[in-house]
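Remarks on the structure that follows.
Labels below follow one simple rule: chain letters A, B, ... track the order of the sequence lines, proteins then strands, and each chain is numbered from 1.
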Amino acid sequence: MDYNFREIEQKWQKFWIENRTYKTEIDHTKPKFYVLDMFPYPSGAGLHVGHPLGYIASDIYSRYKRLNGFNVLHPMGYDAYGLPAEQYAIQTGQHPAVTTQKNIKRYREQLDKIGFSYDWDREVRTCEPDYYKWTQWAFIQMFNSYYSNQTQQARPIAELVAHFEKSGTADLQAACTEELNFTADDWNAKTEKEQQEILLNYRIAYLADMKVNWCAALGTVLANDEVSEGLSIRGGHPVEQKVMRQWSLRVSAYAQRLLDGLDKIDWTDSLKETQRNWIGRSEGAEMRFEIVNPTPTLPQGEGEDLSPNPSTEGEREAKPSYYTTDANTWKLLKENAKSMRLEPTEAEDLLWQNLRGLKLGVKFRRQQPVDIFIPDFVCTQKKLIIEVDGEYHNGKEQIELDVERTRILETIGYKVLRFTNEEVLTNVSSVLERIRTEIKNRDIFTSNVEVKVKPSPCGRDRVGFDVFTTRPDTIYGVTFMVLAPESELVDICTTAEQAEAVKNYIDATKKRTERERIADRKITGVFTGSYAINPVADTEIPIWISDYVLAGYGTGAIMAVPGHDSRDYAFAKHFNLPIIPLIEGADISEESFDAKEGIMINSGFLNGLTVPEAIAKAKEYIEEEGIGKVKVNYRLRDAIFSRQRYWGEPFPVYYKDDLPYMLDESKLPLELPEVDKYLPTETGEPPLGRAKNWATDDGYKLELNTMPGFAGSSAYYLRYMDPKNDKALVSTEANEYWQDVDLYIGGTEHATGHLIYSRFWNKFLFDLGLVTKDEPFKKLINQGMIQGRSNFVYRIQGTNTFVSLNLKDQYDVTPIHVDVNIVSNDVLDVEKFRNWNPEYKNAEFILENGKYICGWAVEKMSKSMFNVVNPDDIVEKYGADTLRLYEMFLGPLEQSKPWDTNGIDGVHRFLKRLWSLFFRDNNLSFSNETPTPEELKVLHKTIKKISSDIETFSYNTSVSAFMICVNELYTLKCNKKSIMEPLTIILAPFAPHIAEELYHLLGNTTSVCDAQWPLHNEEYLKESTVKYPVSFNGKVRFTLELPADMSREDVEKTTLTNEQTQKYLDGKTPKKVIVVPGKIVNIVVAP
RNA sequence: GCCCGGAUGGUGGAAUGGUAGACACGAAGGACUUAAAAUCCUUUGGCUUCACGGCUGUGCGGGUUCAAGUCCCGCUUCGGGUACCA
């Protein structure tokens, strides 16, 4: 009887549906196991042979776990929102829901043919309102939360509001877009609108003006992971930077936890490494560089100093208020100031400890030169000076001098408070109280010029800028500064003389697309005309602008250390800027020395230290001196969450007074409205702008953007646990039972997108106490890509004649892709080729040995290469079981490999052979006899191998083991039930249809899925003899069969007395004999 | 540039430091057949030998070891990821 796979497969697929074989329910009597495939997007092209690879692997594991007594959750559904359906809708006017529905149907048909054990009752689709209700719901929770850096978790926004009402931003530890500083009184005095605007700075889902990746061709913004090399991943359209008001998710707040979580999960090292790189943690210091001659940035009139700023010298007149002295005086006074700082009096020190670090809510600097003086403490923001006077101030002369000094300072707008040492030492609190009062009284100065300058995270307010560096040890080697062209500091730094050059440079940069910038690494830049002061080395260094500095990372400005950074080096060489070596013995004549090793030189107090020591010391110094602070920077950006598209989840958001508000949860789901066209409106609004009555019941306008692709796929694994629940995303009961995904299989392409976002999303839900696990995917395997294997024919140029592969060198030929489906074992079906394309109807061929042999190459599997192989065709020709086995047989799961249908006959032959073992003379035939030891050995060897191979996902060797087993049973003519039955059970995960059929032929009436996995018995595997390979100096010469239990000594003795050994020894005496019992004998002789 | 992963017959690939090439495809030869398909048997890394056998062989060059595809060092090369990330 023939192996009729078509009949068998249809029969059992029907049986499984009718008997609800794959239905899964919570069952507390069994341990759970959750196996998940990455959410597929149902594309119009359908599945090609590469897609099911991971699905087959996970299906095998699911079935294996079930046979081992686990309650297995193995669901499937569709990530149904997406750009392709919408692009198609724009072109054809067809509603994307219709195309999506059609594609899903086709997908399902294809999947059904392969015999997967999915519980289809749990299917979800992201575009269904019952599903996206929970996506919208999660978004509302994110809007209503902020991230507490103190407890490292998401907290209700109400707690933050309470904090603001009580203490303003004092002691606030919350993730935010921008550091803000205000008091409780400030907060309470603000209007509702102002407060809401401020809260957006802290919410986990927030609306803000952001630099976004704008893709004009797609008409939408894209997330960082959707862009590669300046082109959109989907479609390859150019992407430019643009500032837009967009929804974002504060993923960056979770950067550290996302990084730490990687240590707890069983993913491949390379995938974890990719995520670590993407998160991009770097430890360093952020420090402030003051600008020597800042240019006023405010328009005429506004920039005028509001405070009295008269001065005796005319030169002072023109200066804005935000610097305290002129460059020349600064140079003269800075050394004095520095030494004074190092030797404070007892009283000065006491007061400083109470003033420093924003203790009074404003920033004080000590020994800061002001005009020609060096007062003890200066608050430039409030124009307040505190002096602490010693004994000698009581002298008559000194009193006069002090009066004059105060007068001058007051004429330039400062208020001077004087205290004696004694006052400070005996009653510091009353001194502080007076200072506090004075600060309050001087509120007039709060709205000074610094509003235009971004407040420094270091808390300083003068004009200057912060830079982030991981190498604070190289501070003495800073010879210039570089700003990103987009930086707002550019205006401040640019002098009149340089204004034109800077403008030209920035215009040119804007014109270059991101892609062009990446493509040609030309060194470009322009000098701003300004200088910054190195806060440690006190040197003046030029400030440049160049596009090698990114606006989006750190502060958009860098300190350049050409000696020890290759990018700075290239820039310095190009513009002839000084390069200072900082590491002993490092040769920097040709290139920079970037390594973090060596001994410091030319570095003041850091000299003689090793680099790591110097980094630590420099950080310490920077904090001590209030120059900056130690900081950890992450590359991970917040996820832009708005898309100017139709086919996505609508936001549960409406606008009142231009501020966003969340819909009440009772209004969910907010369903996607109908539109007349899937294009932006005439005024450039997103497609939802076309929807009629797109407003709340009260008439407030609803959000026009929709959510991005990753919105719906970020928590789908939770929904599968409880897919029909209309009260919650997932019930506590279901979540406590299923917990997390035990095995997740999918492609590497999700490494920096889905797998970051869903980990973030899960952690957020974990913080809210809604899910039990902090990490969603315990173990993850990346299946390798299936590449295409293309075939070529060779046309002789200018003719319609094709020449076979091995004769083509005799002609001038053009290789042409030919459909792999009309080629078999690289032999072209000539007739099919003529019918393939009218152009080739009259093609002539030059054959070799009567055949036309095609050339081949491994390429991406794509329609344009004519190398797409459809699983339906394979199933039609060989059956699903053959397809499943062959996909696994191709090679290791994780490795990429080309699909070549050629080898499939071998796998199919194996199934036929297995089938034939059950039949004699066309009749079903098996015996109930006791198996022989040899038969038992074959079976148990296979059980052992298959069990361990499945655990290690080494499915290709499993298939080989099955082949060996069947070949051996074939040789033994074995048809004993006690051998065949366990064999069908262990084959069932791989080839479920034939296994089910054979299992029933053996007399069983229940599904093979509910059988029990057999255990192997070592007793049957024992060998009585071992064939020892005998080698001389490592070269194997012959084998010797000896009893398995023979002792090491006896093996050595027997080997040495063997006549063949004597022959190879050739009279020489063995120097040493190595015997590895059960393995090998090696005899060492002198050469 | 940086990070990760590879490199083994004509092809896909196998090999806890212990007989390299399991298993399969392809190819060659043979059996059955009027013929084809299907099935079955034999051979199949290279060189050499009538044969027994010998030599050689896992990208290249070194090393460790009784023994290296496997471990270490240095390169070449091909994939994948990422990119002026300070």
Side-chain angles (χ1 to χ4, degrees), chain A residues 2 228-230 268-278 280-282 284 467-471 474 482 484 517-518 521 523 546-550 552-561 564-568 570-571 594 633-637 748-749 751-752 782 784-785 787 789 825-827 856 858 885-886 889-892 894-910 912-913 916 954 956-965 967 970 1027-1039 1070-1076 1078-1085:
Chain A
D2 285 343
S228 177
E229 298 192 356
T268 59
D269 287 340
S270 69
L271 181 56
K272 288 196 206 178
E273 202 53 36
T274 305
Q275 291 221 335
R276 285 195 190 102
N277 289 341
W278 192 260
R281 184 183 202 270
S282 50
V467 300
F468 176 76
T469 177
T470 55
R471 295 290 304 271
T474 59
V482 188
R517 268 168 73 163
I518 292 163
R521 272 286 145 85
I523 297 165
S546 175
D547 63 7
Y548 83 92
V549 174
L550 303 178
Y553 185 76
T555 59
I558 61 153
M559 58 177 228
V561 185
H564 302 278
D565 179 287
S566 44
R567 294 155 303 180
D568 299 342
F571 194 82
D594 293 12
N633 226 6
Y634 298 92
R635 196 179 84 104
L636 185 69
R637 298 269 82 94
T748 13
E749 67 272 22
T752 53
N782 285 126
M785 263 203 331
Q787 297 151 306
R789 186 181 185 276
N825 285 326
D826 293 337
V827 178
W856 62 274
V858 173
L885 283 172
Y886 187 58
F889 185 65
L890 270 180
E894 286 104 322
Q895 231 169 71
S896 292
K897 56 242 161 189
W899 176 272
D900 182 358
T901 309
N902 285 345
I904 202 165
D905 288 319
V907 171
H908 191 63
R909 229 166 264 161
F910 151 75
K912 283 204 279 197
R913 204 164 232 224
S916 73
S954 178
N956 56 330
T957 51
S958 301
V959 179
S960 299
F962 279 123
M963 289 173 169
I964 293 167
C965 175
N967 286 346
Y970 192 87
K1027 265 191 182 157
Y1028 278 95
V1030 180
S1031 52
F1032 295 80
N1033 292 339
K1035 270 187 189 147
V1036 178
R1037 293 301 173 181
F1038 61 93
T1039 57
K1071 270 179 27 190
K1072 195 173 173 186
V1073 180
I1074 288 113
V1075 176
V1076 183
K1079 279 267 150 63
I1080 196 169
V1081 178
N1082 190 15
I1083 299 167
V1084 186
V1085 289

Does R789(A) qualify as a cation-pi partner of W899(A), given the criterion of NZ or CZ under 6.0 Å from the six-membered ring centre and within 45 degrees of its axis?
no
Heavy atoms from C-beta onward define the side chain here; which of rC84(B), rC66(B), rA14(B) lies closest to that of K1072(A)?
rC66(B)
What nucleotide, of rU11(B), rA86(B), rU16(B), holds the atom closest to the side chain of D900(A)?
rU11(B)
For S916(A) and Y970(A), run side-chain contact (heavy atoms from CB on, under 4.5 Å): C-alpha distance rounded to whole Å, both residues' side-chain angles, the deciding distance at 0.1 Å, then the answer.
CA-CA 9 Å; S916(A) 73; Y970(A) 192 87; 3.9 Å; yes
Short side-chain N/O contact from S282(A) to OP1 or OP2 of rA86(B), under 4.0 Å:
yes
Hey, does the side-chain of K897(A) have a donor or acceptor N/O within less than 3.5 Å of a partner on the base of rU11(B)?
no
Side chains of S1031(A) and N1082(A) only: does a donor on one sit below 3.5 Å from an acceptor on the other?
yes
To the nearest angstrom, how far is H564(A) atom NE2 from rC84(B) atom P?
24 Å
Should R1037(A) be listed as having a side-chain N or O under 4.0 Å from OP1 or OP2 of rC55(B)?
yes
Atom C1', compared across rA7(B) and rC60(B): separation rounded to whole Å:
11 Å
Name the orientation class of the two ring planes belonging to F468(A) and Y553(A) (parallel below 30°, tilted from 30 to 60°, perpendicular beyond 60°).
perpendicular
Expressed as a whole number of Å, how far does the C1' atom of rG80(B) sit from that of rC66(B)?
40 Å
Any strand, both distances under 3.5 Å, Watson-Crick or G-U wobble: rC75(B) pairs with rG59(B)
Using atom OH of Y886(A) as one end and atom C1' of rG13(B) as the other, report the distance to the nearest whole Å.
11 Å
So, OP1 or OP2 of rA38(B): does either fall under 4.0 Å of a side-chain N or O from K912(A)?
no
Just wondering, do V1084(A) and V1073(A) contact through their side chains at under 4.5 Å, heavy atoms?
no
Tell me the interatomic distance from M785(A), atom CE, to rG5(B), atom C1', rounded to whole angstroms.
13 Å
Are any non-hydrogen side-chain atoms of P1070(A) and F1032(A) less than 4.5 angstrom apart?
no
Given rA14(B), rG18(B), rC84(B), the nucleotide with the shortest approach to the side chain of P892(A)
rA14(B)
So what does V1084(A) touch, heavy atoms closer than 4.0 Å: a base, only the sugar-phosphate, or nothing?
sugar-phosphate
Provide the Watson-Crick or G-U wobble partner of rA37(B), both distances under 3.5 Å; none if there is no partner.
none
Nearest to side-chain heavy atoms of R635(A), which nucleotide of rA22(B), rA14(B), rU82(B)
rU82(B)
Does the side chain of V561(A) come within less than 4.5 Å of M559(A)'s, by heavy atoms?
yes
Rounded distance (Å) that lies between atom P of rC78(B) and atom CD of Q787(A):
15 Å
Nearest-Å distance for atom pair NZ/C1', residues K1035(A) and rG53(B):
14 Å
Would S954(A) and T957(A) count as having a side-chain donor-acceptor pair, cut-off 3.5 Å?
yes
Under 3.5 Å for both donor-acceptor distances, Watson-Crick or wobble: does rA27(B) have a partner, and if so which one?
rU43(B)
Nearest-Å distance once atom P is located in both rG5(B) and rC85(B):
22 Å
Would you indicate what I1074(A) reaches in the nucleic acid, counting non-hydrogen atoms under 4.0 angstrom: base, sugar-phosphate, or nothing?
base
Would you mind classifying the nucleic acid contact of S270(A) as base, sugar-phosphate or nothing, using non-hydrogen atoms under 4.0 angstrom?
sugar-phosphate
rA86(B) to rC4(B) separation - C1' atoms, rounded to the nearest Å:
23 Å
I want to check one thing: is the phosphate of rU11(B), taken as OP1 and OP2, less than 4.0 Å away from some side-chain N or O of N902(A)?
no
What nucleic acid atoms does R276(A) come within less than 4.0 Å of, heavy atoms only: base, sugar-phosphate, or nothing?
nothing
For Y1028(A), which contact category applies under a 4.0 Å heavy-atom criterion: base, sugar-phosphate, or nothing?
nothing
Please determine whether a side-chain nitrogen of the Lys or Arg among D594(A) and R567(A) lies less than 4.0 Å from a carboxylate oxygen of the Asp or Glu.
no
For S896(A) and W278(A), find the nucleotide of RNA chain B closest to each by heavy atoms; which residue's nucleotide sits nearer the 5' end?
S896(A)
The nucleotide from rA24(B), rC85(B), rC3(B) with an atom nearest the side chain of N967(A) is rA24(B)
When you compare rU70(B) with rU8(B), how far apart are their C1' atoms, in angstrom units rounded to a whole number?
12 Å
Tell me whether the OP1 or OP2 atom of rC85(B) has a side-chain N or O from R567(A) closer than 4.0 Å.
yes
Between Y634(A) and D269(A), the residue closer to the 5' end of RNA chain B by nearest nucleotide is D269(A)
Please classify the nucleic acid contact of I558(A) as base, sugar-phosphate, or nothing, using heavy-atom distances under 4.0 Å.
base
Take atom C1' in rG6(B) and the same atom in rA24(B), then report the distance between them in whole Å.
22 Å
What's the closest nucleotide to the T274(A) side chain, out of rA86(B), rC25(B), rG81(B)?
rG81(B)
Could you let me know what rC66(B) is paired to, Watson-Crick or G-U wobble, both distances under 3.5 Å, or none if it's on its own?
rG18(B)
Find the partner of rA83(B): check Watson-Crick (N1-N3 plus N6-O4 or O6-N4) and G-U wobble (N1-O2, O6-N3) distances, both under 3.5 Å, and reply none if neither fits.
none
N956(A) vs rA14(B): side-chain N/O to OP1/OP2 distance below 4.0 Å:
yes
Below 4.0 Å: OP1/OP2 of rC40(B) and any side-chain N or O of R913(A):
yes
Per atom distances to the R909(A) side chain, the nearest of rU39(B), rA15(B), rC66(B) is rU39(B)
Just the rounded figure in Å: distance from P of rU39(B) to NE2 of H908(A).
8 Å
Going by modelled atom types, is there a donor-acceptor pair between the base of rC66(B) and the side chain of N1082(A) at under 3.5 Å?
yes
Grab the CD1-P distance between I1083(A) and rA67(B) for me, whole Å please.
14 Å
Can you tell me how far P of rG26(B) sits from CZ of F889(A), to the nearest Å?
12 Å
When you get a sec, tell me which of rA22(B), rG26(B), rA20(B) is the closest nucleotide to the side chain of S960(A)?
rA22(B)
Inter-nucleotide P distance (rU64(B), rG79(B)), Å rounded:
35 Å
